[in-house]
2 protein chains.
Amino acid sequence: MAVTQSSSPLRGAALEAWRGYLQSHAGIVRELDADLIAHHELTVRDYEVLLYLSQADDRQLPMSALSERTMLTRSGITRLVDGLVDQGMIERASCERDARVSYARLTDAGYGKLRDAGRTHVAGIERLFLSHFTAVELEQLAELLSRLPGATGGGQCTAGGPAAPPATESCSVE
Amino acid sequence: MAVTQSSSPLRGAALEAWRGYLQSHAGIVRELDADLIAHHELTVRDYEVLLYLSQADDRQLPMSALSERTMLTRSGITRLVDGLVDQGMIERASCERDARVSYARLTDAGYGKLRDAGRTHVAGIERLFLSHFTAVELEQLAELLSRLPGATGGGQCTAGGPAAPPATESCSVE
DNA sequence: GGATTGTAGTTGACAGATCAACAGCACCAG
DNA sequence: CTGGTGCTGTTGATCTGTCAACTACAATCC
């Protein structure tokens, strides 16, 4: 389990890897957020939600599915979606089969906004993250990061709803 | 520059790498935080601040130096430090040479708390992050992540204060 | 010296997210 | 069909951190 020396200080590559992991994340997310807000009045979180919806069947997803994908709390998602509903990008819909679930559905306006913002966002990701690596390195990185907790699969929708994840995902609307 | 195709959707390894990066970070930090709070009533941020102070000369650092290292705003650091002062882990000190700067100095109580919490925290980092990689892989990872913005060097103290970073850093008090 | 410019830190107002508690519904056991 | 258990989503209270504005001081230029 490699936890035998758990009380020894972190050293060398281990420390660098960990620090790099933490600090780069903070810096990149902050800048992506600033970019998206400046150009589209949209948060990275907002964008993420719109994106997930755009990839789902009928462009809708139960709240809890959004919660899992975004790593937010259910209550966090409720409030985030509230905001997007106020802006007209999302509308709520009820589920016929299970009256507990409430779908968040992407509106046409939301889809349009997502397309616009997507250009900015993908450009940002490439500039701040992808452009620093070669294709081979990206594969290495993907493989390494996939072993970490939370990164596995992304989590399916546990509700019996029709929210089967599409086979090929993308990070901007195509 | 590799930004020529900036409007194309992210695919394959690029997408996996990026998703893994985001999701693993959220999951790991959340769990580390829960661990530390449960066992020591301390946030990861709190821990980070105490750690940086413990590594500095005289166990003190100007607020802005803390701000750079933690990737927090100056105002964020003010409030975080306020909390740690209330808990008696940090005390404020003024600078003789520059009346604008205010040092945060680690108290003995804070140092003790840091030592205790360090065991939990390092164990958590090893369990959630390090244990998934070999030594060679950690070197690769460190090298790859070091290219990302925000991960470079960690930033020195811009104030003329005596806060020269130590040559060998560690991630827990030794 | 005196004015200008820039830096360090704090504060008020606010956004973002969490936790705990709750209401409504599904489902299984009896 | 009735009761218990568990899941979904929302709400109130709270916390954390940001932004913008401000004070106080330093440094530079005239």
Side-chain angles (χ1 to χ4, degrees), chain A residues 26-27 29-34 36-38 41-49 60-68 70-87 90 92-105 155-161 163, chain B residues 26-27 29-31 33-34 36-38 41-49 60-87 90 92-105 155-161 163:
Chain A
V29 167
R30 187 186 304 256
E31 189 153 343
L32 282 179
D33 225 47
L36 221 41
I37 290 173
E41 308 226 337
L42 220 55
T43 294
V44 166
R45 297 267 188 220
D46 296 335
Y47 180 84
E48 223 183 333
V49 165
Q60 65 181 11
L61 237 38
M63 302 296 281
S64 56
L66 281 178
S67 151
E68 289 179 11
T70 57
M71 308 283 296
L72 283 183
T73 312
R74 282 198 302 277
S75 75
I77 278 293
T78 292
R79 289 181 160 112
L80 202 163
V81 167
D82 280 349
L84 291 171
V85 167
D86 288 349
Q87 297 178 55
I90 283 183
R92 289 182 198 274
S94 53
C95 175
E96 300 175 355
R97 275 176 284 181
D98 188 338
R100 291 172 302 180
V101 338
S102 163
Y103 284 102
R105 181 188 302 153
Q156 304 98 305
C157 170
T158 58
Chain B
V29 167
R30 187 185 304 257
E31 188 153 343
D33 226 47
L36 221 42
I37 290 173
E41 306 225 338
L42 219 57
T43 293
V44 166
R45 297 263 190 222
D46 296 334
Y47 179 85
E48 223 183 332
V49 165
Q60 65 180 11
L61 237 38
M63 302 295 281
S64 55
L66 281 177
S67 150
E68 288 179 12
R69 284 170 168 72
T70 57
M71 308 284 296
L72 283 183
T73 312
R74 283 197 304 275
S75 73
I77 278 293
T78 292
R79 289 182 159 112
L80 203 163
V81 167
D82 280 349
L84 290 171
V85 167
D86 288 347
Q87 297 177 54
I90 282 182
R92 289 180 198 274
S94 54
C95 175
E96 299 176 353
R97 275 177 285 181
D98 188 337
R100 290 172 302 178
V101 338
S102 162
Y103 284 103
R105 180 190 301 154
Q156 304 99 303
C157 169
T158 58

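Convention: sequence-line order gives letters A, B, ...; per-chain numbering from 1. The basis for the numbers below is simple: all heavy atoms, side chains too, and nothing from hydrogens, waters or symmetry mates.
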Gap between atoms CG and C1', on A/D82 and D/dG12 respectively (whole Å): 14 Å

When you check every protein heavy atom under 4.0 Å of nucleotides 18-29 of chain C, what one-letter string (B, S, -) results, 5' to 3'? BB----BBS---

Without decimals, in angstroms, what is the distance between A/D46 CG and C/dG16 C1'? 11 Å

How many Å lie between CD1 on A/I37 and P on C/dA15, as a whole number? 12 Å

Checking A/L42, A/L72, A/V44, A/L66 against A/V49 for side-chain contact (heavy atoms from CB on, under 4.5 Å), the one that qualifies is A/L66

Non-neighbouring partners of A/R92 that pass side chain to side chain donor-acceptor pair (under 3.5 Å), sequence neighbours left out: A/D82

How many whole angstroms separate atom CD of B/Q87 from atom C1' of D/dT16? 14 Å

Under the side chain to side chain donor-acceptor pair (under 3.5 Å) test, which residues partner B/E31, sequence neighbours left out? B/R127

A/E48 CD to C/dG16 C1': how many Å, rounded? 14 Å

If I take atom CD in residue A/E31 and atom P in nucleotide D/dT18, what distance separates them, rounded to the nearest angstrom? 15 Å

Kindly write out the residues that satisfy salt bridge (Lys or Arg N to Asp or Glu O under 4.0 Å) with A/R79, not counting sequence neighbours, or none if the list is empty. none

Whole-Å gap separating C1' (C/dT7) and CD (B/E68): 12 Å

DNA chain D: B/T43 or A/M63, which has the more 5' nearest nucleotide? A/M63

Run the side chain to side chain contact (heavy atoms under 4.5 Å, CB included) test against A/A26 and tell me which residues pass, sequence neighbours left out. B/M71

Tell me whether the side-chain N/O atoms of A/S64 come closer than 4.0 Å to OP1 or OP2 in D/dG9. yes

For B/R100, side chain to side chain donor-acceptor pair (under 3.5 Å) partners two or more places apart: B/D98

For the pair made of CG in A/D86 and P in D/dT10, what is the distance, rounded to whole Å? 13 Å

